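This one's a predicted model, so the numbers in the text were calculated from it and none came from an experiment. The figures here come from the full heavy-atom set of this structure, side chains too, leaving out hydrogens, waters and symmetry mates.
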Amino acid sequence: MTNLHRISLADMAKENTKILLKGSSRELDGHNSPTVDDLTECLFFSPGDGRIWLEDQRMLLIHSSSFGLLRRELIDSLGLDKARDILTRTGYLSGMRDADLIRNRWPDSDPPSIFTAGTHLHGLEGVVKVETIHFEFDTEKGLYDGEFLWHHSSEDEEHIAAYGIGSSPACWMELGYAIGYVSGLVGSLVIFREVECQSMGHAVCRVIGKSAELWGDIREDIRFLNVTANEIENTTQADPKLNEMEPSSPEEQLRMIGVSAAFTAATHSLKKVAPTNATVLFTGESGVGKELFASMLHKFSRQTGPFLAFNCAAIPENLMESELFGVEKGAFTGATISRPGRFERANGGTLFLDEIGNLNLAGQSKLLRALQEREIERVGGISPIKVNVRVIAATNVDLRKAVERGEFREDLFFRLNVFPIHLPPLRERKADIPLLINHFYHHFCALHNKSPSGMTQTARRALFNYAFPGNIRELQNLMERGVISSEEGEPIDLHHLFRNEFIPDEIIYSVNDQGNLSHSKTKTEPTSSLLEHISQFVGTKDSIDIEMLERNLLQEAVDNAQGNLSEAARRVGLSRPQLAYRLKKSKQNNTEE
């Protein structure tokens, strides 16, 4: 077996080394939960009010031909690449949602069954029949490697009907689903590639999925997941000046990354307003990436001048005006030379005013005049200076409430609030976390010249479920800390990432007494262990009928819970599928007797 502690994942990918992982599909025995029957129980039809539910998620039942029409309209209107972007991200989010459903509904199921549940759901939802060739995983290191066959692909049927047999794969949404589902369970980015496809003339579709670390170069795969990647590439090709503005240092190469619905909505708003000269107000919690969004807006805009960022909370009030508008020689003690302010230096470009809510009232008044008249006056100056600057503001406070308290000018608020864009916190962008982890991991490994052998499953799971009060900035800091703290050739673990942060027990999965993944605070004790304790009081195991006692205990739990299997399962320390299976088995044994 390859020693994962002595060779880096990057080296493995380059050498195409076969990696033997700890768990695999060979562990499935046909009785693992959730089964197809278990999943079917989660599907509810409510025709009276026009809704269908898969557990707590609303579903739609539409004609495949209608989806084919929508797909064809996207391709014909936007082109193959753009249509593939949209459908891949749609599938990715669907896979993420199903991963959440499985993880929350069956928290104590063993890993092979959890991974396989996605294949059942894909079939249950009418998308494709999945045949597992094999899959292997290492939950300690968060690694995955699998191969599958897809039969009766709905996407292929509609694509072939519209365009015939082609030269490239067409299961874009199904591929996105596989990436989202497995990445959501592993807690890190797992990339699937379609190496054979019915739309290319093959009998079935063949897909291979591996952790991003095991593929090597995944830029082409990420291009169809990250909502901003193609936009940057297309805009750069259309406007050569953007090539000159690309960041050159590693510190500047941290970029906007995301695929979630909230992130996509914010990005679409940015693209709409970027070509205009309208003032934009970014709102959101600290650390959500307001400056990155502002910088991206500038790149998409028509400005030819520089992008300057100014933090209104970092400058003392008595220096605020001189920093923004400049100062004339002799305006005050120490002003030995005249110097331009941020407005003049950003002339022809963009001025980003971060933490605008901290600007004092005198500065607010001058800023309002600069926005209205497009001219400024230096401190101590006697003549106005014309400026052509696009102002982008950002705040993590509610400016409307600040206006009500008299802390912020109402007229300035309305002048800034021309085109507001709200940036969601990271806890509302769960689907983006695997992408961000993968990006920061490789970025900081290269920046600090470190070579850890990936990340443990515990570390990935904690990051995926952590609330991130500091948002993306905190995730970035945690990943940098983890890379720096890790040992060469060893995986990044929980203690490398978290130091003084509060980590609730329920966000960390561990192995319970049954050998299954579960929350650390919800370890379950199998019924056999309960019987061991009971036998201490009623006699030895040989003196009682263990099976009968177990059957009676389970039936009594169901009766006390008034037939509610979920409640009964909690009372005896089992999952609902485990309880249902044991009851069914007991009934079969009774019938045979």
Side-chain angles (χ1 to χ4, degrees), residues 9 92 95-97 99-100 103-104 107 111 114 137-144 179-191 211-213 222 225-226 254 256-260 262-263 285-289 424-445 447-448 450 452-487 490-511 517-521:
L9 294 174
Y92 179 88
M96 274 283 180
R97 290 295 301 273
D100 281 340
R103 189 172 52 247
N104 295 329
I114 291 293
F137 56 91
D138 192 324
T139 55
E140 292 182 5
K141 299 176 176 63
L143 299 179
Y144 182 91
I179 295 173
Y181 183 82
V182 179
S183 297
L185 293 178
V186 175
S188 61
L189 189 60
V190 177
I191 294 295
S211 296
E213 297 93 327
I222 293 293
L225 280 178
N226 186 15
L254 302 180
M256 287 169 31
I257 292 175
V259 68
S260 64
F263 177 84
E285 297 177 6
S286 177
V288 295
L426 189 55
R427 61 182 173 274
E428 296 177 8
R429 295 174 50 189
K430 288 274 188 178
D432 298 334
I433 292 179
L435 291 171
L436 290 165
I437 290 175
N438 179 73
H439 172 71
F440 288 136
Y441 174 84
H442 290 289
H443 170 77
F444 289 119
C445 283
L447 181 64
H448 299 298
K450 298 278 287 186
S453 62
M455 297 176 65
T456 67
Q457 175 72 350
T458 303
R460 294 180 185 275
R461 182 63 58 188
L463 287 175
F464 191 75
N465 292 281
Y466 184 53
F468 288 107
N471 291 295
I472 297 176
R473 184 183 296 121
E474 184 177 16
L475 174 57
Q476 176 183 332
N477 293 343
L478 289 177
M479 288 301 300
E480 184 170 19
R481 179 194 300 169
V483 169
I484 294 173
S485 302
S486 64
E487 301 295 332
E490 297 289 335
I492 298 173
D493 207 346
L494 199 63
H495 66 275
H496 296 129
L497 298 169
F498 295 94
R499 298 293 172 85
N500 53 4
E501 293 82 6
F502 173 71
I503 315 174
D505 290 339
E506 60 267 21
I507 75 169
I508 304 175
Y509 277 74
S510 60
V511 179
L517 285 179
S518 65
H519 291 300
S520 58
K521 76 170 188 177

Tell me, do [X] and [Y] make a side-chain contact under 4.5 Å, heavy atoms counted?
X    : Y    : answer
H496 : P452 : no
I437 : L189 : no
E213 : M455 : no
F440 : I472 : yes
L426 : L436 : yes
Y92  : L435 : yes
R481 : L478 : yes
K450 : F444 : no

Side-chain ([X]) to main-chain ([Y]) donor-acceptor, under 3.5 angstrom:
X    : Y    : result
N477 : R473 : yes
S211 : Y144 : yes
Y441 : G454 : yes
S486 : V483 : yes

For [X] and [Y], which heavy atoms make the closest approach, and how far apart are they?
X    : Y    : answer
R429 : G258 : NH2-CA, 4.1 Å
R499 : S485 : NH2-OG, 2.8 Å
N438 : H442 : O-CD2, 3.0 Å
D493 : A459 : C-CB, 3.8 Å
A462 : L494 : CB-CD1, 3.4 Å
A431 : S260 : CB-CB, 4.2 Å

From [X] [atom1] over to [Y] [atom2], what is the distance, rounded to the nearest 0.5 angstrom?
X    : Y    : atom1 : atom2 : value
F464 : D100 : CZ    : CG    : 5.5 Å
I179 : L225 : CD1   : CG    : 5.0 Å
I492 : R460 : CD1   : CZ    : 8.5 Å

(request) Indicate whether any N or O donor in one side chain lies under 3.5 Å from an N or O acceptor in the other, for H448 and E480. (result)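 Judged by distance alone, the side chains do pair up.
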(message) Looking only at side-chain N and O atoms, does E474 offer a donor or acceptor that is under 3.5 Å from a partner on Y466?
(response)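 On atom types as modelled, these side chains qualify, holding a pair under 3.5 Å.
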(request) Please report the C-alpha distance between V259 and D432 in whole Å, then the side-chain angles of each, then the deciding distance to 0.1 Å, and finally whether the side chain to side chain contact (heavy atoms under 4.5 Å, CB included) criterion is met. (result) CA-CA 6 Å; V259 68; D432 298 334; 3.6 Å; yes
